Amino acid sequence: MDCTRKRLLGMTLAELKEMAKELGMPAFTGGQIAQWLYQKHVMSIDEMTNLSKQNRERLKAAYEVGAMAPADGQHSVDGTVKYLFPVRCKKRAKVAAEADDESGKEGKAFVETGTEAKAFVETVFIPDGERATLCVSCQVGCKMNCLFCQTGKQGWEGNLEAADILNQIYALPEQDRLTNIVFMGQGEPMDNLDAVLRATEVLTADWGWAWSPRRITVSSVGVRDKLKRFIEESECHVAISLHSPLHEQRAELMPAEKAMPIEEVVELLRNYDFAHQRRLSFEYIVFGGLNDSRAHGRAIINLLKGLDCRINLIRFHQIPDVPLHGADEATMERLRDYLTQHGIFTTIRASRGQDIYAACGLLSTARQKAK
C-alpha cells in the first residue's frame, strides 16, 4: 500500500461525488466508484472498467482502493479462522494532559500523532451452520484495561480509520459467506466512535453494502455520552459489557466503572426502545467463585428490571498473570436458568477458537509489535 495516496475505501457516496468533481470528472462518476467498491469489491482502480482510462489514471495519481489482504490466518479445529490484518495506525505519544476518564486512569494521556506506524489487528471469522459471524476490531490495543482481557494488557496503540475497519470485511476470504458482524474484537468502539459510525454507515447504506443494521452488533463497556450518540445515530444492535452488577467488584474488573458506573449506563439505556427489532444485550463473563452466585443473579435482575434485553453468559478464557478462573458448566447453567426464570432471556455463548487464541478476551497483536 502506498501511504502517500488516499484510500477510497471508507468514503461515503457524497464524498466520492465531490472527489470526482475535484478531479475534473462528472459527479456521477462518484456513484460508479461506489458501486465498484461496495457492491463489486474490486481490489484496484484498474478494475473499474466503466471509467475511462484517463479518469482511472487521474484517480490512481491521488487515490487507491485501500484494500489489504490479511498477513496471516490461523485455523481452529472447530472451523474458526483468526486473521491478522495490517492497518494504518498513527503513532502515539504521551502529552502533559489529563487522561480521558473513559479508562478510569489518571495521569498523562496517549494521543495520536500524524505519523503512521506499522501495526496489525486480529479479526475472527466464526462459521456456524448457515450463520457466519465476523468479529472485527476498531483499535490497536485498548485503553479500557479490563482485568480479564488480553487486548487490554497490550495497551492502546491507536485508532483505526474506517477504511481499516471495513478492510477486515472487504479483504476477508470468506466475505461472501458473512451473515453477521460484531464489533467485539480489539478496542472499545465508543472510543473510536466517528470511525465506527462511518464504517456502519457504509455497511448499511443503499449505496454501500446495503446490509440491514440488524445484522450488526456494536459492543461497549458503557462510554455514556458516546453511547448515547451511537444509539441515536445508528440502528445497529447494542451490546454492553456487564461482567458484574456490583459497583465495587465491577470497578476491580473494569476500571471504566469508576468513571462510568453501570447503573448510570442502564439508566441511559432506559430512554430508548429496544422492544422491537433493535436488540440490547449484556455480555457477562462468568468467573468461578467471583460473580456466579445467586446473589449476583438477584443483583442483575434488580439492575435490569423492566429493561427489554437479553444476557449472554460467556466462558472465561485464562490469560497469563490474571488470578481468575472460569465457572464450571453446572454453575453457568444454574445462573442461566435463574435469570431466565425471572424474565431475562439468557443464553450461554459457545466458546470458539480457543486453540488459536481467538476466543473472547484473547485477541492481542503485541507479539507482532515485538517482532
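For reference, positions follow the sequence shown, starting with 1. All figures in this text were calculated on a predicted structure; none of them were measured in a lab.
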query: Testing Ser234, Cys236, Cys138 for side-chain contact (heavy atoms from CB on, under 4.5 Å) with Val196, which one passes?
result: Cys138

message: Atom CD of residue position Glu232 - does it have more than 12 heavy atoms of other residues, nucleotides or ligands inside 6.0 Å?
response: yes

task: May I ask you to check whether over 12 heavy atoms, not counting those of Glu333, lie within 6.0 Å of atom CD?
output: yes

- request: Considering only NZ, NE, NH1 and NH2 on the basic side and carboxylate oxygens on the acidic side, decide whether Lys6 and Glu22 come within less than 4.0 Å.
  value: no

- prompt: Should we count NZ of Lys228 as having more than 12 external heavy atoms under 6.0 Å?
  reply: no

- request: Verify the neighbour count for atom CD of Glu248: are there more than 12 heavy atoms of other residues, nucleotides or ligands below 6.0 Å?
  value: no

query: Is Glu201 salt-bridged to Arg198, going by a charged N under 4.0 Å from an acidic O?
result: no

- request: Determine yes or no for a side-chain-to-main-chain donor-acceptor pair under 3.5 angstrom, with Tyr83 supplying the side chain and Gln74 the backbone.
  value: no

- prompt: Would Arg7 and Glu161 pass as an ion pair if we require N to O under 4.0 Å?
  reply: yes

- prompt: Within the side chain of Asn192, is there an N or O that forms a donor-acceptor pair under 3.5 Å with the backbone of Asn159?
  reply: no

message: Can a donor-acceptor pair be found, under 3.5 Å and without considering hydrogens, that links the side chain of Glu267 to the backbone of Asn271?
response: no

field: For the student: nearest non-hydrogen atoms of His243 and Ser241, plus distance
entry: NE2-CB, 3.4 Å

message: Using a 3.5 Å distance criterion without hydrogens, assess whether the side chain of Arg131 forms a donor-acceptor pair with backbone atoms of Thr179.
response: no

- prompt: Is the His342 ring parallel, tilted or perpendicular to the Tyr338 ring (thresholds 30°, 60°)?
  reply: tilted

statement: Shortest non-hydrogen pair, Leu303 vs Val266, comes out as O-CG1, 3.6 Å

field: Closest non-hydrogen atom pair between Thr29 and Ala20, with its separation
entry: CB-CB, 4.1 Å

message: Give me the atom names and distance for the closest heavy-atom approach of Val286 to Met332.
response: CG2-CE, 3.9 Å

query: Charged N to carboxylate O below 4.0 Å: is that the case for Asp194 and Lys226?
result: no

message: Donor-acceptor check, side chain of Gln318 to backbone of Leu324, threshold 3.5 angstrom: yes or no?
response: yes

- prompt: Does any N or O in the side chain of Thr200 come within less than 3.5 Å of the main-chain N or O of Leu197, such that one atom is a donor and the other an acceptor?
  reply: yes

message: To the closest 0.5 Å, what do you measure between CG (Leu37) and CE (Met43)?
response: 11.0 Å

field: Near-ring test Phe287/Phe148, centroid separation under 6.0 angstrom
entry: yes

field: Heavy-atom side-chain proximity of Thr346 to Leu335 below 4.5 angstrom
entry: no

- prompt: Backbone N or O of Asp273 within a donor-acceptor pair of the Arg278 side chain at under 3.5 Å?
  reply: no

- prompt: For Ile285, does its backbone N or O pair with a side-chain atom of Asn291 as donor and acceptor, under 3.5 Å?
  reply: yes

- line: With Phe282 as partner, the option from Ile344, Asn312, Ile240, Ile300 fulfilling side-chain contact (heavy atoms from CB on, under 4.5 Å) is Ile240

query: Looking only at heavy atoms, which two atoms of Leu84 and Glu122 are closest? And how far apart?
result: CD1-CG, 4.1 Å

- prompt: Would you find a donor on one side and an acceptor on the other, under 3.5 Å apart, between the side chain of Arg336 and the backbone of Ile348?
  reply: no

query: Is the side chain of Arg352 donor-acceptor paired with the backbone N or O of Asp78 at a distance under 3.5 Å, no angle test?
result: yes

task: Count the heavy atoms belonging to other residues, nucleotides or ligands that lie under 6.0 Å from CG of Asp206, then report whether that count exceeds 12.
output: no

task: Could you check Ser44 against Asp46 for side chain to side chain donor-acceptor pair (under 3.5 Å), going step by step and ending with a plain yes or no?
output: CA-CA 5 Å; Ser44 71; Asp46 283 328; 5.0 Å; no

field: Exercise: identify the closest heavy-atom pair between Tyr170 and Gln175
entry: O-NE2, 2.7 Å

Within 6.0 Å of CD in Glu264, more than 12 heavy atoms from elsewhere: yes

message: Other residues, nucleotides and ligands only: do more than 12 of their heavy atoms fall within 6.0 Å of CD on Glu18?
response: yes

Non-hydrogen side-chain atoms of Asn167 and Leu9 separated by less than 4.5 Å: yes

